[in-house]
Amino acid sequence: MTLLKAEELYGGYGGGDILNGVSLRVDAGEVVVIVGPNGAGKSTAMKALFGLVNVRSGRVTFRDEEITRLSPDRIVGRGVCYVPQEANVFPSLTVLENLEMGAFIRRDDYSAQIERVFELFPPLKEKRSQAAGTLSGGQRQMVAIGRALMLDPKVLLLDEPTAGLSPKFIDLIFERIQEINATGVSILMVEQNARHALSLADRGYVLVLGANRYEDTGPNLLANREVAEMFLGG
Amino acid sequence: MIDFLQIVIYGIVLGSIIALGAIGVSLIFGILRFAHFAHGDLMTLGAYFALAGVAGMSLPMFAAFGLALGATALVAVGIDRALYSRLQQVSPIILLISSVGVALMLRSLIQMIWGPDNEIYQSGISMPWTFAGLRIQPTQVMIVGGAAGLMLLLHLFLQHTRFGKAMRAMSDNPDLARLSGINTQRVVILTWIIAGVLAAAAGIFLGMDTRLHPIMGWKLLLPVFAAAIFGGIGKPYGAVAGALVIGLAQEMSTLILPAAYKPAVAFALMVIILVWRPTGIFGGKVL
Amino acid sequence: MELSGLFSYFVFFLSMVSVYAVLVLGLNIQWGYNGQLNIGVAAFFAVGAYTTAIVTGPASDNYLGGFGLPFLVGLILAMVVAGLLALLVGLITVNLRSDYLAIATIGIAEIVRLVLKNEGWLTNGVRGISSIPGPFDGLSGITEGMAYLVTLLVFVAGVYWICERLFRSPWARVLRAIRANEDAVRAAGKNVLLFRLEAFVLGSMFMGLGGALYAHFVGFVSPGAFDPMFATFVVWVMLIAGGSGNNRGALLGALVIWAVWTLSSSMIDALADIGLLPDQLATQASALRIFLIGLLLEIILLTRREGLLPERPPKAIDRAD
């Protein structure tokens, strides 16, 4: 079943278009990865799904309902959560408060969800009362993903979740993303570590200049010589 | 020594008043990213609302003050809805200019309604208490106690309530707050309510400490901003510390400078902070 | 009003517009060209007025004076002193966002006001300085007024000409670029701080000139004449109403807003005369006028932010590079 779908998106941030007809799709239970060269509009495409880009034409649907021009706080309510690449925690709030903010629109008891995040990222439990701004980059990424999980989303959008992390944390974050996916959360992520990401993806998109260039299963894209040479560094 | 301690008391009283204003300025900056220049006149308005309650409607002091806090908060929200919220997308600088216009409008409105002369809440001089040679006015105790009580309430709100935390979150990172589903419009309105209540309290206390006058709040604007910058813009706790420093420094300056130059002391301290450490002593934001 | 009275009123009106025009052109260099928030226009205005009053005014036992310098020297010194004050403020705030400049200039305006009021040896305190000579004191009544108006118009034209030349110069192009994207200009190797400081000082010097021209026009300065908010505010409303960044807009704004200001006074009087205005408001007519000007500013900000004559950067040289 298709959850999130973008059809022929054109748009940008005012000024010229960055997206030139990109189309994406996330089915239930999938891990989908967007790769491509710098400036291909990967992050912009993801933001467009989340109402953060001026979409000039094209449409975005979630479970067949149009969400193209909904504001992010409305989209969150439908079950799509987004983790930006940078500035993705509230630095002066504690870890626990960061998670609480992720659950802001929930009026029920979400303590079980907090425990689930702590199980997924044990270091956060120890540091629950510490200001998020004082954590290491990897731990901050855990807080950021944990915050987005608080609403128990159907689709999780991750913008370069491993950017700037040490190899140890990169492996850990990818591992956790798979665990999250195993609990039934569909994942769409933009990644620089393209090989690693594609190796665990169900499907992948290669974007160039704001448009689709290739779309295939993860293994097939990795096996595609042209893709490997041009976009995966040989 | 007694003289010095007496001055310290004045400094703490003034610092408490400045703190209530500076917290508001700091919160508004944190949430809306602009320097609110009408804050002093919002204080004046609160003071005159209380006067209307006391003198006009013959209400008991506390009822009048409570009414004034509510009315000022309402006006603050009203100004935001009518002007600031519409200019928010344009630029913080346009908001600032708009707030200068609001400052003048409020002040002239106050002058039109209540006249340009000095007013007081209660005639008659209350007897000061004396402790080991120190004279303390009952009003001074009320001012410091009232300010401390309001600050405690604000602290509890910010640390322990859902919307209090959301305010801090939005001050930290407004985009992420929106992405998290926080209703940012409601946070903005809440910010104005709190800032309005605190400003009114500051104005009332100032009126109790001295007299009411249409430019009383405007004259406090410089120390208020100095305190907010000193404590680190966007940091309400820093603003309190900054306010005490500014209040004490202003009063102590009278030992060596003519009293007329008190506002210049606030300015001098602000300049020192701007040159030496623009993020304030507690590392807030730089505007 | 008889004809001669009307005529002398007209001369007075245009003289005031001319003084304000110089102030607004000065502010336009700061705000219009470069986006600097100077909320202390009154400070530079007052410093200019007092400087020329002291150096050209009569001797006195109570305050500094009796230098007897000529009119033009007074104007030049007024610009120099205002410029030095601006340099001081600018050096503190130039590398900070414009909000700090706004706060710092409010502070300077307040301190200038305190000094004028309290340093009697220099300024004669609240009594102010009177009998400031004008350049045409030998002439009689209306002739003197007209001669001075012509002088004012010459200065307005001169300042306008300089501002226009600057507006088309590479210097102002850099200022506008800084206003739009400071980092890009810095990356291009320009000294952003220096450009900013230059604009701030130059604008403030024109404000000092405006103050000096005002002092010689009315012959009397006192702290009360420079209510820090009003003098600043009205100049801002003039610039924003006329069109920030547009020198013609600055002139038009001075004319229109001063006309509105003058008319509002007559209208309030008229309304009060026929009993349409509550007594309370009639006695607070000046407050009512300030309120209306404030309201006008908000309406302009909400509905026509670009002003009557929007900014039109010269196109030919604005190529992308």
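Proteins get letters first, then strands, A, B, ... in listed order; numbering begins at 1 in each.
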Do [X] and [Y] come close enough that some side-chain heavy atom pair is under 4.5 Å?
X: B:Ser171; Y: A:Phe90; answer: no
X: B:Arg178; Y: A:Leu52; answer: yes
X: A:Pro84; Y: B:Leu176; answer: yes
X: B:Asp172; Y: A:Leu93; answer: yes

**Message:** If we ignore hydrogens and angles and just use 3.5 Å, is the side chain of A:Asp73 paired with the main-chain N or O of B:Ser180 as donor and acceptor?
**Reply:** no

**Asked** In terms of heavy-atom pairs under 4.5 Å with chain B, which of A:Ser71, A:Gly102, A:Pro72 leads?
**Response** A:Pro72

May I ask you to check whether over 12 heavy atoms, not counting those of [X], lie within 6.0 Å of atom [atom1]?
X: A:Arg74; atom1: CZ; value: no
X: A:Asp108; atom1: CG; value: yes
X: A:Arg69; atom1: CZ; value: yes

**Message:** One pair to check against side-chain contact (heavy atoms from CB on, under 4.5 Å): A:Arg107 and B:Arg162. What are the steps and the verdict?
**Reply:** CA-CA 10 Å; A:Arg107 301 316 316 261; B:Arg162 183 165 160 259; 3.2 Å; yes

**Prompt:** Would you call A:Glu97-B:Arg168 a salt bridge at under 4.0 Å N-O?
**Reply:** yes

**Complete:** dist B:Leu179:CG -> A:Lys47:NZ (nearest 0.5 Å) comes out at 9.5 Å

**Message:** As an exercise, state the distance from CD of A:Glu100 to NZ of B:Lys165, rounded to the nearest 0.5 Å.
**Reply:** 3.5 Å

**Fill in**
Closest non-hydrogen contact found for B:Asn183 with A:Phe104 is N-CE2, 3.9 Å

